[in-house]
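All remarks here apply to the structure that follows.
Excluded from the calculations below are hydrogen atoms, water molecules and symmetry mates; all remaining heavy atoms, backbone and side chain alike, are included. All values reported here derive from a predicted model rather than from experimental measurement. Every chain is numbered from 1 and lettered A, B, ... according to where its sequence line falls, protein lines coming before strand lines.
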There are 4 protein chains.
Amino acid sequence: MVLSPRKLPKQGRARATCDAILEAAAHIIARSGLAAFNTNAVAERAGVSIGSLYQYFPNKDALMVALIQRQQQGQLDTLMAAAATIDPAADLQTVVRALVRAAMQHHRTDDLLATAIDHEEARLPVDDLIGHYLDQGGMLVAALLANFQDQIGPVEPQVAARTLPALVRAVTDAWANLTPPQLDTAEDEAVKAVLGYLR
Amino acid sequence: MVLSPRKLPKQGRARATCDAILEAAAHIIARSGLAAFNTNAVAERAGVSIGSLYQYFPNKDALMVALIQRQQQGQLDTLMAAAATIDPAADLQTVVRALVRAAMQHHRTDDLLATAIDHEEARLPVDDLIGHYLDQGGMLVAALLANFQDQIGPVEPQVAARTLPALVRAVTDAWANLTPPQLDTAEDEAVKAVLGYLR
Amino acid sequence: MVLSPRKLPKQGRARATCDAILEAAAHIIARSGLAAFNTNAVAERAGVSIGSLYQYFPNKDALMVALIQRQQQGQLDTLMAAAATIDPAADLQTVVRALVRAAMQHHRTDDLLATAIDHEEARLPVDDLIGHYLDQGGMLVAALLANFQDQIGPVEPQVAARTLPALVRAVTDAWANLTPPQLDTAEDEAVKAVLGYLR
Amino acid sequence: MVLSPRKLPKQGRARATCDAILEAAAHIIARSGLAAFNTNAVAERAGVSIGSLYQYFPNKDALMVALIQRQQQGQLDTLMAAAATIDPAADLQTVVRALVRAAMQHHRTDDLLATAIDHEEARLPVDDLIGHYLDQGGMLVAALLANFQDQIGPVEPQVAARTLPALVRAVTDAWANLTPPQLDTAEDEAVKAVLGYLR
DNA sequence: AATGAATGAGAATTCATTCAT
DNA sequence: AATGAATGAATTCTCATTCAT
């Protein structure tokens with residue numbers, strides 16, 4: 001099955017329509033899960049006709065793949081933005097905290113969406129797509145940690161790119177799902193976990 | 001909607017049928033994901049009629065809930081079995097390695113099933129069910145780690161019960177999804193991550 | 001794509017349902033052509049739910065294939081019935097007239113259905129199915145004409161099975177589409193055409 | 001519904017566009033049958049926008065009617081060209097062979113297109129159109145056969161115009177669909193069939 | 001004139017669920 | 001208790017047609 005988008009709208013209304021569809025899809029999954037994710041609901045929420053949705057995405061899975069890509073790109077963007085703000089003279093803990101914050105930004109919210117994307121990444125043939133973003137993210141993280149080779153073990157970029165966000169998510173989820181949620185503690189604990197792992 | 005099973009047969013043919021249905025459901029999700037999970041397919045694979053499936057489960061979500069419960073129970077069983085084999089005089093690293101092995105047993109396989117259950121746990125009203133197993137697992141882990149209060153920080157049972165398996169899974173996934181997979185390294189790294197986090 | 005029927009109901013209600021669906025499909029095409037042939041209309045006219053239709057036929061093309069088979073079987077049945085009534089001592093013209101009558105029975109009516117089936121036979125992968133019926137029909141015709149080897153040329157069964165009904169149809173259509181239609185003449189002319197061709 | 005073309009451009013770019021559309025329609029049907037014949041596909045293959053297609057044809061059926069007309073005109077042209085080359089002193093068999101060749105030119109190829117047009121002619125209100133071409137063709141054939149009234153029966157032009165091509169097609173198809181196809185034999189057999197019918 | 005994005009009715013197909021046997 | 005045919009609402013997807021640019 002073809003899973004690539006039908007058109008790659010660079011500009012104007014088409015781009016806006018395409019974005020609205022992806023946004024609507026993300027919203028529906030985040031609110032009600034994969035069970036409520038259907039193309040009619042997406043089109044309606046996006047405020048476009050069902051026909052338009054299929055102009056941009058040849059089928060439902062292609063829409064999901066685009067959503068995965070969007071999510072990956074978003075994470076990479078967040079990571080790059082975080083990296084850009086890090087003081088080159090910062091110490092290891094500060095760097096890690098910045099990374100943790102970047103990762104948390106994407107996981108503290110939308111557990112339903114995050115788990116949905118995890119599942120769909122495992123179901124759909126998106127290895128190349130994921131690999132690409134892992135490479136990008138891994139290189140970035142490796143570069144940020146390169147100054148600290150004396151304090152930490154060797155960093156395998158692909159492994160780091162997978163492990164660190166997942167560690168953060170593991171810890172964050174644990175603290176966020178307590179009653180009451182303890183998000184502040186979550187960040188501290190996540191930093192501890194990452195540092196513990198790296199050393 | 002009613003999400004509890006219609007019957008909880010403890011023994012005999014009914015129990016076998018019920019198990020066959022859950023086994024079939026798990027198999028289908030593990031093979032093809034949530035998108036392929038439907039009651040007719042489950043009944044067919046289980047070798048029972050669709051009518052029989054609805055004798056045991058009032059609706060599809062109830063079947064999913066039972067699957068979640070089964071998974072949680074399985075994890076707890078594995079953990080308890082692991083705990084039973086641990087030498088009371090073992091050191092921290094040995095205990096952690098035993099816990100890691102128990103956790104890996106459930107996550108190394110069936111990424112599709114594991115992510116599906118994550119998603120459905122977030123979607124369905126199973127907080128009480130999850131809480132129960134977290135309590136059980138948390139108490140067990142806390143007890144196992146009680147001897148090492150001098151080497152590690154304080155252990156919040158519910159948090160530990162959520163975090164440790166998730167940490168293991170994070171690390172395991174990262175190493176398992178390399179090409180080629182490096183499952184042996186995964187275990188060592190997971191132990192490191194857990195120890196790093198606990199200290 | 002799978003084009004074989006989902007079930008081959010031998011008996012009872014299922015067989016009746018299956019027949020009703022095929023009958024409805026034939027009726028709709030005969031009345032309004034391929035453009036009006038859709039599964040919802042077929043199910044409605046057959047008096048069954050759309051779900052039931054898909055219990056018996058996995059998709060629309062499979063329904064069409066079943067219709068083709070039904071048509072071929074019907075023609076063969078008609079031919080066999082005609083053959084059974086032929087006096088073994090009959091002369092060539094009498095035999096040919098019986099064959100012509102059998103062929104006309106299927107073509108005088110339902111031009112829309114006949115042309116639709118012609119088209120779909122060319123579109124769908126039904127060569128084996130058609131071949132089977134051509135063999136059967138060809139053998140029957142060859143046997144009927146075997147007594148007249150002195151009056152006619154050699155008869156290639158497959159060719160005869162294709163040619164004779166088509167000849168009949170060609171002539172029949174020509175006379176039937178005059179205004180007013182001249183069906184009586186059609187039969188005489190068709191006999192002439194076939195005899196002319198055989199000699 | 002209006003089925004006549006919006007414009008009948010005799011020349012220039014518009015005529016070329018119109019031809020390209022009809023050519024594309026014929027190609028799609030010939031390749032994939034009526035099931036794949038849709039206006040968007042036709043426009044794309046013709047290299048024009050869907051809007052332009054609707055400038056020339058008010059709806060899909062009108063496009064089909066134009067295709068039928070094109071086909072009929074093509075056959076008439078072929079027939080006229082064939083007639084023009086016939087030696088006035090030629091004998092019956094030679095004349096018939098020329099007619100057969102003309103008819104075969106249109107039917108040997110594109111079984112899918114030919115059967116599609118047959119079906120659509122039966123579905124759409126094109127009696128007048130068909131009648132016109134039958135008259136033209138019938139007159140031509142009658143004229144060609146007028147010299148041979150002693151060798152053949154009386155020729156009804158409309159009947160002849162319908163019957164002869166259909167006879168040719170019947171015989172041609174039978175021989176062409178053998179494995180391997182025997183196109184050379186087909187022509188001889190078609191001549192025999194036509195002569196047999198005329199006498 | 002030409003374009004092609006957008007529309008939405010409608011067609012194909014699925015699947016959760018019921019119920020007569 | 002078990003069966004599985006039947007249902008039909010819901011879902012995916014198509015395609016004839018329009019219309020703003």
Give a yes/no on whether any side-chain N or O of [X] is located under 4.0 angstrom from OP1 or OP2 of [N].
{"X": "S52(A)", "N": "dA5(E)", "result": "no"}
{"X": "Y56(B)", "N": "dA2(F)", "result": "yes"}
{"X": "T39(B)", "N": "dA16(E)", "result": "yes"}
{"X": "N38(C)", "N": "dA12(E)", "result": "yes"}
{"X": "T17(C)", "N": "dA5(F)", "result": "no"}

Nearest-nucleotide 5' precedence on DNA chain F, M1(A) against I50(D): M1(A)
Along DNA chain E (nearest heavy atom to each residue), the more 5'-positioned of D61(C) and V48(D): V48(D)
Given DNA chain E, 5'-ward residue of the pair S49(A) and F37(B), judged by closest heavy atom: S49(A)
Paired nucleotide for dC15(E) [Watson-Crick or G-U wobble; both distances under 3.5 Å]: dG8(F)
Under 3.5 Å on both distances, the Watson-Crick or G-U partner of dA1(E): none
Base of dA16(E) paired with side chain of N40(B) (donor-acceptor, under 3.5 Å): yes
Donor-acceptor pair present, Q55(A) side chain and dA6(E) base, under 3.5 Å: yes
For [X] and [N], what is the distance between atoms [atom1] and [atom2] respectively, to the nearest whole Å?
{"X": "K60(B)", "N": "dT18(E)", "atom1": "NZ", "atom2": "P", "result": "15 Å"}
{"X": "I28(B)", "N": "dC15(E)", "atom1": "CD1", "atom2": "P", "result": "11 Å"}
{"X": "E44(B)", "N": "dA16(E)", "atom1": "CD", "atom2": "P", "result": "13 Å"}
{"X": "I21(B)", "N": "dA16(E)", "atom1": "CD1", "atom2": "P", "result": "14 Å"}
{"X": "L63(B)", "N": "dT17(E)", "atom1": "CG", "atom2": "C1'", "result": "14 Å"}
{"X": "R15(C)", "N": "dA6(F)", "atom1": "CZ", "atom2": "C1'", "result": "19 Å"}

Side-chain H-bond candidate by donor/acceptor type, Q71(B) with E120(B), under 3.5 Å: no
D77(C) and Q73(C): side chain donor to acceptor below 3.5 Å: yes
side-chain contact (heavy atoms from CB on, under 4.5 Å) partner of L67(A), the single match among I21(A), L22(A), V42(A): L22(A)
Sole candidate of D111(B), L113(B), T115(B) that passes side-chain contact (heavy atoms from CB on, under 4.5 Å) when paired with H119(A): T115(B)
Sidechain N-carboxylate O distance under 4.0 Å for R123(D), D61(D): yes
Nearest-nucleotide pick for Y54(B), side chain only, options being dG4(E), dT17(E), dT13(E): dT17(E)
